[in-house]
2 protein chains.
Amino acid sequence: MSTHAAIAAHTHRAVPGYLVSALAISPNAGIGSAVQPRNPADPLASLGHSKVYERESTVFGEGDAAGSVFRVMSGMVRLYKMLPDGRRQIIGFLQAGDMMGLAFAAQYLYTAETVTATTIQRIPRLELDALMDAQPAFARKLLSATTSELMAAQDQMVLLGRKTAAEKVATFLLRLSDRKGGKGDEHTIDLPMGRSDIADHLGLTTETVSRTLTKLKSTRLIRILVGGKLELLDRDALADLAGGF
Amino acid sequence: MSTHAAIAAHTHRAVPGYLVSALAISPNAGIGSAVQPRNPADPLASLGHSKVYERESTVFGEGDAAGSVFRVMSGMVRLYKMLPDGRRQIIGFLQAGDMMGLAFAAQYLYTAETVTATTIQRIPRLELDALMDAQPAFARKLLSATTSELMAAQDQMVLLGRKTAAEKVATFLLRLSDRKGGKGDEHTIDLPMGRSDIADHLGLTTETVSRTLTKLKSTRLIRILVGGKLELLDRDALADLAGGF
DNA sequence: CGCTCTTTTGAGTTACCTCAACCACGGTGG
DNA sequence: CCACCGTGGTTGAGGTAACTCAAAAGAGCG
């Protein structure tokens, strides 16, 4: 059962965001700036307040009382769930604009940790509710973002359930690349997370991720650069390998 | 990347529904009954109209133009996505109250087929939009349902990425059992879908599903009954095996 | 530079898959 | 009423992609 969620489409790649994805960040919402005047482009801007988290720190844990929702302003966050014996599944990586913690429940259902140093806006649930009441259009936007997130989750199910290790890694790299529209060198992507994070996101082991990347490197599809960066040398070949999505 | 979708919680098992799950069906919304007076308990009741689909028929396909959303009134539907080479991932099985096709995109992103004979309400997108405009509370309900759906999708990611075959099957059986709150013999569940449907939902092959069920049978955890029914003999042992969720 | 942590590489194992046969059931038609 | 057939499920035997365990090689940091 579960996970059917219907809700259809939007042609692939149309929406870059995932999660309660990419709710536009107003340009003037500077770091640490709290209460600001209403901004039609970013109704969330004036809510809650931002905070800088250092790398590898916990924002909230699975099971914690859920009083706020969060929006990533910059940096990267991983969300994961854990089985009793410690096996971990990373639900997703969040980047600027992504929201987390949205829900209608008493506790968070996954843990959120920063990968890099990250600025995060914390918005009390009550304030969000008030905003939804005041601006029905905003509630619609949230619904739309959540729906996109669900679509992404369904793509991930296909990946986890039916793709080979090579397909998984290729898909992952292409997604990362699509995510950050344009900024920086085209074809060069950031891989701030470690191999074990990638492994736990793709349902593999670190060794398999490493071996797969090595193979992609030796077949000239990618180049691994210093500082956690990576270059896509043959996007088309990678897309073929990825087999859809 | 994708699938992070934040949005927290609601303690497990709290919500039975999934998908834009289980939007209450008003008791008086009989089969085929279209336009009805407003019903506060089921604002959708008066929209669109219902139709009976025979078993194993297609409701809509991945890529079809998406003009309507659908709600399952009775029966069972499977939603799936397919890779170019035919590998299939079943996103979920829908039962009474579940919605599908909700989205803000031009095409459906998965295929919907009936498993059994099924009654489905078709609601034009425009009518749904109008209802959301007219009743902000309904939009909130939709958001809540979609969020629950997302949580379920995240559980499914854990299953697909990190569970063994035995854990997958045990989890699946328990979910099915939890789903149908109470109706019929406690501990007896319906398995109207075939082994290959189960396999494609759990990221396994039909043979592995069959072998795993046989093992559960021989260890006295379940009993397989005629007519696609199955009895859970030792729920606790199954829950142990399932390892969470 | 020494230390730690991560990544890579290697060797051997295994859970699950593939291929294939067999079986059980339900429908159909003679 | 029963032989036939088609479909779906089970069982078996062998193969393999990915895992586990282990060690070496980098990379980052004080």
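Letters go in sequence order (proteins before strands), and every chain restarts at 1.
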key: Pairs flagged by salt bridge (charged side-chain N to carboxylate O under 4.0 Å, His left out) wherever residues 236-245 of chain A is involved - sequence neighbours left out   = none

ask   = Could you go step by step and tell me if B:Gln156 and B:Arg175 meet the side-chain contact (heavy atoms from CB on, under 4.5 Å) rule?
value = CA-CA 11 Å; B:Gln156 183 71 354; B:Arg175 281 187 195 161; 2.6 Å; yes

ask   = In Å and rounded to the nearest 0.5 Å, what is the NZ to CG distance from A:Lys81 to A:Leu79?
value = 10.5 Å

request  = Treat primed atoms plus P, OP1 and OP2 as sugar-phosphate and everything else as base, then score nucleotides 24-30 of chain D 5' to 3': B for base contact with protein heavy atoms under 4.0 Å, S for sugar-phosphate contact only, - for none.
outcome  = -------

task = Please report how far the helix from C:dC1-D:dG30 to C:dG30-D:dC1 bends, comparing the axis fitted to its first five pairs with the axis fitted to its last five, to the nearest 10 degrees.
result = 40°

message = Quick one: does any side-chain atom of B:Arg122 pair with a main-chain N or O of B:Phe70 as donor and acceptor, under 3.5 Å?
response = no

ask   = Is the A:His201 ring parallel, tilted or perpendicular to the A:Phe172 ring (thresholds 30°, 60°)?
value = perpendicular

inquiry  = What is the distance, to the nearest angstrom, from the CG atom on A:Asp200 to the P atom on D:dA18?
reply    = 16 Å

ask   = Just the endpoints, please: which first and last nucleotides of DNA chain C, 5' to 3', lie under 4.0 Å from a heavy atom of chain A?
value = C:dT7 to C:dA11

ask   = For D:dA18, does OP1 or OP2 lie under 4.0 Å from any side-chain N or O of A:Thr205?
value = no

key: A:Ile222: which of A:Leu230, A:Ile189, A:Val169 passes side chain to side chain contact (heavy atoms under 4.5 Å, CB included)   = A:Leu230

request  = Decide whether B:Thr147 and A:Thr146 meet the rule of one side-chain donor and one side-chain acceptor closer than 3.5 Å.
outcome  = no

request  = Tell me yes or no: between the side chains of B:Arg235 and B:Ser177, is some donor less than 3.5 Å from an acceptor?
outcome  = yes

key: Under 3.5 Å: donor-acceptor pair, side chain of A:Gln89, backbone of A:Met82   = no

key: Within 45° cone and under 6.0 Å: B:Arg88 NZ/CZ vs B:Tyr80 ring   = yes

remark   = Between the CD atom in A:Glu62 and the OH atom in A:Tyr110, the distance rounded to the nearest 0.5 Å is 10.5 Å

key: Residue pair B:Thr119 / B:Lys51, side-chain donor-acceptor N/O under 3.5 Å   = no

Side-chain atoms of residues 207-215 of chain B: list all donor-acceptor pairs with protein atoms under 3.5 Å, sequence neighbours left out, distances to 0.1 Å.
{"unit_1": "B:Thr208", "atom_1": "OG1", "unit_2": "B:Thr205", "atom_2": "OG1", "d": "3.1"}
{"unit_1": "B:Thr212", "atom_1": "OG1", "unit_2": "B:Thr208", "atom_2": "O", "d": "2.6"}
{"unit_1": "B:Thr214", "atom_1": "OG1", "unit_2": "B:Ser210", "atom_2": "O", "d": "2.9"}

request  = If a protein heavy atom is under 4.0 Å from the base, mark B; if only from the sugar-phosphate, S; if neither, -; do that for nucleotides 7-12 of chain D going 5' to 3'.
outcome  = --SBBB

